[in-house]
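First up is the structure itself, then whatever we jot down about it.
All heavy atoms count here, side chains included; hydrogens, waters and symmetry mates do not. Positions are given from 1, in the same order as the sequence printed here.
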Amino acid sequence: MKATPILAVAVGLMTLSLPACQTHAEEPAHHEHHKIVVTSPQAKDVVTTQQYVCQIRSQRHIDVCALANGFLMDIPIKEGQAVKKGDVLFQILPTLYKSKLDAEVAEVRLAQIEFDNTNRLFSGATPVVSQSEVALYQAKLAKAQANANKAEAELNFATVRAPFDGIVDRLLKQQGSKIKEEDALTTLSDNSVMWVYFNVPESRYLEYVSGLSEHRDSPVIELVLANGTKFPQVGKIGAIEAKFNNETGNIPFRADFANPDRLLRHGQTGNVLLHRTLKDAVVIPQRATFETLDKRYVYVVDADDVVHQREVVVRHEMDDIFVIKSGLGAADRIVLDGVRQIHEGQKVEYEVLKPEAAAA
């Protein structure tokens, strides 16, 4: 009599659990058929951008040095001042050089008188002196003139002038300082054009050179400054150095930027942006690809609606698209959505999405 309730409870539990089991068995029915989305690669002009850290240099940046010994008598410039070619930067006490020039000029006058008298004696109706004596005094005059020219140059060295238009840097010597020949007085920067140096990997160097050989458009070069703003002038490639750095595998490029407002200064840093237009590039959405063992693949749909895995080589990676170097053509059909729901050799049902809509 006591076993009957236990049996009833057991039967009741089995009855309650049965619908749950039936529901679980019905779940896979919702995933039996899946339509995937297929599109085609798009051939179009694409602007690619490469970014490099750069160092900004003046096209001419020199040390201004003393050319004579003496005391620094006058400094008619200020630090940071813009100067013109020929402006006086420093004046060294010229007394000794002026005295030496006066003495040499006097020697020239004396040699000139001696030469004139000797030449007169030789040129008369009856020569009193020989032609060799005339030549001797002529040589003496030439030597005196050379010494005078040298003394004049030394006097000019006492005045240090700007060799080109530029901006004066910090003054390294002050008025009254005793200086020696070749002492650095300041630096002078010509900032009218700036040279911007950046390092390019070997693969991108080869790509750049091949682009030139194929007569493609030259890249558009922009400069991004330290505060994130773009410099208003557009640059151009000015030079490529002769050798690669064996340690880094890079080669230095130089881009030239006009600097009319003198915003850029020697020693600044920034980033160079190289924009290049690829004509009729093959482009696909990134989500159409998948990776296996560091290689990238897509699923291609053949004429019988069967999918096959195909390796692609990416040339450039952009925001949400890949520029394909090899592996696909504009006429191929590729799986866009549902890549993870299919496998090699599977026949699929699909919807077609135009390339323009797929890239949107």
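Using modelled atom types and a 3.5 Å distance limit, the side chains of T269 and Q55 yield no donor-acceptor pair. A donor-acceptor contact under 3.5 angstrom links the side chains of N227 and T229, judged on distance only. Looking at E133 and T118, their side chains never bring a donor and an acceptor atom within 3.5 Å of each other. Under the 3.5 Å distance criterion, with hydrogens and angles disregarded, no donor-acceptor pair is assigned to the side chains of N69 and E181. No side-chain donor-acceptor contact under 3.5 Å links R262 and N259.
No side-chain heavy atom of N271 sits under 4.5 Å from any side-chain heavy atom of C54. A heavy-atom distance below 4.5 Å is not found between the side chains of V307 and V300. Between F164 and R60, the closest side-chain pair of non-hydrogen atoms falls below 4.5 Å. For the pair L273/I221, no side-chain contact is recorded, criterion being any heavy-atom separation below 4.5 Å from C-beta on. Inter-residue side-chain proximity for V38 and D337 is flagged as unmet; no heavy-atom pair is nearer than 4.5 Å. Two residues are said to be in side-chain contact when any heavy atoms from C-beta on lie closer than 4.5 Å; T289 and I284 meet this criterion. For the pair D183/C65, no side-chain contact is recorded, criterion being any heavy-atom separation below 4.5 Å from C-beta on.
Crowding of L96 atom CG: a count of heavy atoms from other residues, nucleotides or ligands under 6.0 Å not exceeding 12. When the shell of 6.0 Å around CD of Q131 is examined, it contains 12 or fewer heavy atoms from other residues, nucleotides or ligands. Few gaps surround CG on D45; more than 12 heavy atoms of other groups in view lie less than 6.0 Å from it. In this structure, Q346 places its CD atom where more than 12 heavy-atom neighbours from other residues, nucleotides or ligands lie under 6.0 Å away.
Listed for the D304 side chain is no donor-acceptor partner under 3.5 Å among the backbone atoms of V306. Judged by distance alone, the side chain of D280 and the main-chain N or O of A43 form no donor-acceptor pair under 3.5 Å. A distance-only check finds a donor-acceptor pair linking the side chain of T186 to the backbone of D169 [under 3.5 Å]. At least one donor-acceptor pair under 3.5 Å links the side chain of S40 to the backbone N or O of D332. Between the side chain of D165 and the backbone N or O of K85, at least one donor-acceptor pair lies under 3.5 Å. Between the side chain of N119 and the main chain of D116, no donor-acceptor pair closer than 3.5 Å is present. Panel note: side chain E344, backbone Y299; no donor-acceptor pair is recorded below 3.5 Å. A donor-acceptor contact shorter than 3.5 Å is absent between the side chain of N149 and the backbone of A153. The closest donor-acceptor contact from the side chain of R315 to the backbone of K325 lies at 3.5 Å or more, if one exists at all. Remark: side-chain polar atoms of T39 are paired, donor with acceptor, to backbone N or O of L353 under 3.5 angstrom.
Atom NE2 of residue H343 and atom NE2 of residue H308 lie 12.0 Å apart, to the nearest 0.5 angstrom. A distance of 10.0 Å separates CD in Q112 from CG in N117, rounded to the nearest 0.5 Å.
Across Q145 and V108, no two heavy atoms sit closer than the pair OE1-CG1, 3.4 Å. Across all non-hydrogen atoms, the minimal contact from I251 to E241 is CD1-O, 3.3 Å. Of all the heavy atoms in D74 and Q175, the pair that sits closest is CA-NE2, 4.3 Å. Considering every non-hydrogen atom in both V335 and A288, the closest pair reads O-CB, 3.5 Å. Looking at every heavy atom in both residues, Q286 comes nearest to M318 through NE2-O, 2.8 Å. The nearest pair of heavy atoms linking V129 to F122 is O-CD1, 3.3 Å.
Cluster membership for V105 and L110, using ILVMFWY side-chain heavy atoms within less than 4.5 angstrom, is not shared. One hydrophobic cluster, built from ILVMFWY side chains closer than 4.5 Å, cannot hold both I321 and V314; they sit in different ones. Hydrophobic clustering keeps V220 apart from V224 (ILVMFWY residues linked when any side-chain heavy atoms are closer than 4.5 Å, directly or through intermediates). Grouping the Ile, Leu, Val, Met, Phe, Trp and Tyr side chains by contacts below 4.5 angstrom, directly or via other members, places I56 with I240. L188 and I167 fall into different hydrophobic clusters, where Ile, Leu, Val, Met, Phe, Trp and Tyr are joined by side-chain heavy atoms under 4.5 Å apart, directly or via other members.
Both tests do not hold together for R296 against F290: distance to the six-membered ring centre under 6.0 Å, angle to the ring axis within 45°. With a 6.0 Å cutoff to the six-membered ring centre and a 45° limit on the axis angle, R254 counts as a cation-pi contact of W195.
Below 30°, between 30° and 60°, or above 60°: for H266 and H61 the angle between ring planes is below 30°, a parallel geometry.
Annotation: Y208 is in aromatic contact with F253 [ring centroid separation under 6.0 Å]. Aromatic pair Y52/F198: ring centres closer than 6.0 Å.
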Step by step, would you call Q268 with R57 a side chain to side chain contact (heavy atoms under 4.5 Å, CB included)? CA-CA 7 Å; Q268 282 181 258; R57 298 287 182 264; over 6 Å; no
Go through the steps for V196 and D256 under the test side chain to side chain contact (heavy atoms under 4.5 Å, CB included), then give the verdict. CA-CA 6 Å; V196 178; D256 299 347; over 6 Å; no
Output, in order, the C-alpha distance, side-chain angles, deciding distance and verdict of side chain to side chain donor-acceptor pair (under 3.5 Å) for S58 and N191. CA-CA 5 Å; S58 303; N191 292 346; 2.5 Å; yes
Using the side chain to side chain contact (heavy atoms under 4.5 Å, CB included) rule, take F90 and L72 through it: C-alpha gap first, then chi angles, then the decisive distance, then the call. CA-CA 7 Å; F90 300 92; L72 198 52; 3.8 Å; yes
Output, in order, the C-alpha distance, side-chain angles, deciding distance and verdict of side chain to side chain contact (heavy atoms under 4.5 Å, CB included) for K173 and L171. CA-CA 6 Å; K173 299 290 184 180; L171 301 178; over 6 Å; no
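Applying the ring pair (Phe, Tyr, Trp, His ring centres under 6.0 Å) test to F71 and every residue at least two apart in sequence or in another chain returns nothing.
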